[in-house]
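Only this structure's heavy atoms are used, side chains among them; waters, hydrogens and symmetry mates stay out. Being a predicted model, the structure only gives us computed values, none of them experimental. All chains are named by letter (A, B, ...) in the order of the sequence lines, taking the proteins before the strands, and each is independently numbered beginning at 1.
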Amino acid sequence: MTRALLTNPPATVAAGAPITLISGPDVWMEGDATLQLAAVARLAGCVRAAGMPDLHPGRGYPIGAVVATRDVVHPQLVGGDAGCGARIIVTTVERTTPDQLDRRLRAQFEAALVDAADPAALFAAAWQRGGRGLAEVDGLPDGLRQLAAREPDDDRLPPSGDPGRYQAGFEQVLGTVGGGNHFAEISRVDDVRDTATAAGLGLARHALVVVAHSGSRGLGTALGAHWGPRPLRGTERDDYLGELAGACRFAHANRLVVAYRLLSALGALRDHTLRGGFDVTHNDVRAERLDGGEAWIHRKGAAPAPAGGLTIVLGSRGASSWIMLGTGAAAGLGSVAHGAGRKMKRSEALAKLKDRYRRSEVARSTLGGRVICDDKALLFEEHPDAYKAIEPVIAALVAHRLATRVAALTPIVTVKL
DNA sequence: ATGTAC
């Protein structure tokens, strides 16, 4: 059965909803992950499931999966890191002074954002309007407010439910990266494959791009704890979706503040040094068209890739990220992988790599980039060796026509503070 | 992934 799952083109597995596995040559997939995907396809209301080439085992449910349901929504298929995603902003800056940049990055990420702003107003702005909301909050740095004013409003359903349940202190985490695979990064455009699309983003070879990969931090965990592991229907489902909308907007605001901090350290906050950018959420559930009807599309570690939509597949500090252009292909449920995907569990990576590398080696990547991280365990847990190779993942997405390549970004400095 | 407890 595992062998059948790993065939290419995609295989369909009996029992439960049809599953499409987006795999290809040299894409490693752990058997446990495909078993988890098969289990997901048997959940209440499930009509389709897709495994992306970064599929790997999660807690109960796999990461790198897209699950379509009718009527029922499963909060567990979004996970505790609800609203997590990636944000990029393109600059015209080409040069940095490494030591000065390190100092500036530390200063940015170690400073408190909220000192001068009213906490309740800050939380409400992020929950209600995401990054755009920060433009209206008094007391925030001018550069951040100007960056926020450039943001379009979110087109998803408006937040509802009870934000009062969650607003105790979460504004404190706005602008923080978090742990695990989250990072803030300055990277360089080193390979442009689609010049027209790249030009639309203002993206030119050698230019520096800031990348923020983070989520709603403790807020998503609180949401998951409140709603629990059961399927939701009717008004309960709608209340959850309203609160998820708030958490997703909060996560978007968080990534914008992280991007602001990177741009600030880089000295790229002026109008003439800023180009385009975009933000994608890869842990989410939303209503989308499917087979002529509407379905709830759950994404857990899968980035939306609608026809003509920009998206990003995140590399590691030892591998490039790829900006891609979606096709909206039904086979992938309008999605792509969110990254290379883990090859080793965190505990396994720590145990194996501690003996393989010195600590001075893990703070530097094979691509010449630097890592700013004070957590020794995290340096090993998130080492590039703990991840699959990115190139076969991108090649599989292209071969299955889920997206096309726009440009590759090579990490220069990765911040995990 | 996270905040907190062990």
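- Rounded to an integer number of Å, the gap from CD of A:Glu381 to C1' of B:dT2 is 13 Å.
- A:Lys300 and A:Leu77 make their closest contact through CB-O, 3.2 Å (heavy atoms, listed as atom of the first residue, atom of the second, distance).
- For A:Asn181 and B:dT2, the CG to P distance is 8 Å, given to the nearest whole Å.
- Scanning both residues, A:Trp127 and A:Ser160, for their nearest heavy atoms gives CZ2-O, 3.9 Å.
- Atom C1' of nucleotide B:dT2 and atom OH of A:Tyr166 are separated by 15 Å, given to the nearest angstrom.
- Here the P atom of nucleotide B:dT2 and the CD atom of A:Gln76 are 18 Å apart, to the nearest Å.
- In this structure, NE2 of A:His226 is placed 21 Å from P of B:dT2, rounded to the nearest angstrom.
- Across all strands shown, A:Gly178 has heavy atoms under 4.0 Å from sugar-phosphate atoms exclusively, and none from any base.
- One interatomic measurement links the two molecules: CG of A:Asp81 to C1' of B:dG3, which rounds to 13 Å at whole-angstrom precision.
- Annotation: side chain to side chain donor-acceptor pair (under 3.5 Å) contacts of A:Arg145 (sequence neighbours excluded): none.
- With A:Tyr387 as reference, A:Glu382 is the one residue of A:Lys343, A:His56, A:Glu382 to meet the side-chain hydrogen bond (donor to acceptor under 3.5 Å, both in side chains) rule.
- Following rounding to the nearest Å, A:Leu219 (CG) and B:dT2 (C1') show an atom-to-atom distance of 12 Å.
- The distance between atom CG of A:Asp375 and atom C1' of B:dG3, rounded to the nearest whole Å, is 14 Å.
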